[in-house]
Amino acid sequence: MVLLKPLASLWILAAVAFAVPAQEKRIHHHADLSDHVHDDAHGFQYDHEAFLGKEEAKTFDQLTPEESKDRLGKIVDRIDTDKDGYISHAELHYWIKHRQRRYIEENVNKHWKDYDKNQDGKIGWEEYKNTTYGYYLDEEFDDVEDKATYKSMLTRDERRFKIADRDGDGIATREEFTAFLHPEEFDYMKDVIVQETVEDIDKNGDGKINLEEYIGDMYTPENGEHEPDWVQTERKHFSEFRDTNKNGYLDADEVAQWILPGEVDHADNEAKHLIHETDTDKDGRLTLSELFDKIDYIKTSTITDYGGMIMDGHDEL
């Protein structure tokens with residue numbers, strides 16, 4: 001089997017290819033709570049996926065009202081770890097973090113068998129390279145339409161693999177392979193995230209990002225189209241906030257400040273937001289009845305990833 005779309009090279013695209021606005025797509029958080037923008041003015045799909053989890057959010061929408069309530073009750077019982085009949089902020093925060101971790105684990109597990117060809121519990125660079133590029137390596141990518149792009153992807157994959165491979169033995173353990181696929185989760189991988197971002201946006205190859213490259217990564221105007229207000233706002237952001245040394249370019253440090261926005265706990269923020277939206281008696285905690293009252297809202301939230309908890313008929317945490 002040849003996997004011609006390298007997982008690591010395309011991870012940024014996978015993370016942002018859905019409903020994320022162009023001006024936000026380069027910002028890297030930890031495991032995504034949702035592929036949707038957190039904007040209640042345009043719906044509650046972000047919260048839906050944060051409470052339910054991405055896969056369950058898809059199936060939850062297809063349930064009858066009674067089925068939805070039954071499933072929600074089972075989820076609430078799992079979140080309420082001290083069994084006092086309430087969901088506290090701490091319990092909700094833990095649950096959302098748990099769903100983030102599960103998403104990464106399931107993603108790595110899904111691809112592990114494709115690459116661990118000798119089933120030794122490790123993935124060597126040669127295993128990954130041959131599985132991903134296979135036949136095309138022998139032919140020097142002659143059969144690939146965009147030959148230069150695939151050669152570049154191979155080089156980029158190898159560089160990231162070597163950085164993820166902390167002991168430098170050419171073989172990735174499961175943790176190292178996780179760092180390869182999800183570098184945003186590992187501090188030691190942050191430099192390569194910045195480097196890849198600069199390479200993606202820097203069209204003239206000078207190793208930095210000018211204003212037009214910055215805007216061009218977000219917006220391509222149609223003939224005669226008036227530039228949207230948000231693009232003009234991004235131009236201001238570039239000069240006023242992104243370009244901190246005011247030299248007209250973003251260097252690696254400035255790119256890092258832009259796309260790696262520090263230790264923001266998005267699970268904590270989402271837990272607070274969900275309680276604010278559904279806690280009708282304002283006691284700082286949630287009951288099943290309060291969630292039932294807001295079930296249309298919860299059906300559009302990330303905590304209800306019940307589908308990820310039920311596998312082959314067995315409950316899983």
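All heavy atoms count here, side chains included; hydrogens, waters and symmetry mates do not. All values reported here derive from a predicted model rather than from experimental measurement.
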*State yes or no: do Ile259 and Phe238 share one hydrophobic cluster built from I, L, V, M, F, W and Y residues joined by side-chain heavy-atom distances below 4.5 Å, directly or via other members?*
yes
*If every non-hydrogen atom of Gly216 is compared with every non-hydrogen atom of Thr220, which pair is closest and at what distance?*
O-OG1, 4.3 Å
*Show your reasoning for whether side-chain hydrogen bond (donor to acceptor under 3.5 Å, both in side chains) applies to Tyr128 and Asp157.*
CA-CA 9 Å; Tyr128 175 84; Asp157 275 357; 3.1 Å; yes
*Can you tell me if NZ on Lys236 sees more than 12 non-hydrogen neighbours from other groups inside 6.0 Å?*
no
*Which pair of non-hydrogen atoms, one from Glu240 and one from Lys246, has the smallest distance, and what is that distance?*
O-NZ, 3.1 Å
*Quick one: do Leu154 and Lys129 satisfy side-chain contact (heavy atoms from CB on, under 4.5 Å)? Show the steps, please.*
CA-CA 8 Å; Leu154 173 59; Lys129 180 178 69 173; 3.8 Å; yes
*Any donor-acceptor N/O pair, Gln195 side chain to Ala252 backbone, under 3.5 Å*: no
*Is the backbone N or O of Thr81 less than 3.5 Å from a side-chain atom of Glu91, with the two atoms forming a donor-acceptor pair by type?*
yes
*Any idea how Phe186 and Tyr188 line up, ring-wise: parallel (<30°), tilted (30 to 60°), or perpendicular (>60°)?*
perpendicular
*List for me each residue that meets ring pair (Phe, Tyr, Trp, His ring centres under 6.0 Å) alongside Phe241, sequence neighbours excluded, and say none if there are none.*
His237
*What's the spacing between Ile275 CD1 and Glu277 CD if we round to 0.5 Å?*
11.5 Å
*Indicate if Ile201 and Val198 have the same hydrophobic cluster label, given that clusters are the connected sets of ILVMFWY residues with side-chain heavy-atom separations under 4.5 angstrom.*
yes
*Evaluate the side-chain proximity of Arg160 to Met189: yes if any heavy-atom separation is below 4.5 Å, no if none is.*
yes
*Residues Arg242, Tyr214; criterion side-chain hydrogen bond (donor to acceptor under 3.5 Å, both in side chains); working and verdict*: CA-CA 10 Å; Arg242 312 277 190 235; Tyr214 174 81; 3.0 Å; yes
*Side-chain donor-acceptor pair under 3.5 Å between Thr244 and Glu254, yes or no?*
yes
_Can you give me the closest heavy-atom contact between Glu127 and Ile123, atom names plus distance?_
OE1-CA, 3.3 Å
_Tyr115/Trp125 aromatic ring centres below 6.0 Å_ = no
*Path from Val255 to Leu211 over hydrophobic side-chain contacts below 4.5 Å*: yes
_With a sphere of 6.0 Å drawn around OH of Tyr94, does it hold more than 12 non-hydrogen atoms of other residues, nucleotides or ligands?_
no
*Within 45° of the axis and under 6.0 Å from the centre of the six-membered ring of Trp95, does NZ or CZ of Arg78 qualify?*
no
*Tell me whether the guanidinium CZ or amine NZ of Arg156 lies under 6.0 angstrom from the six-membered ring centre of Tyr150 and within 45° of its axis.*
no
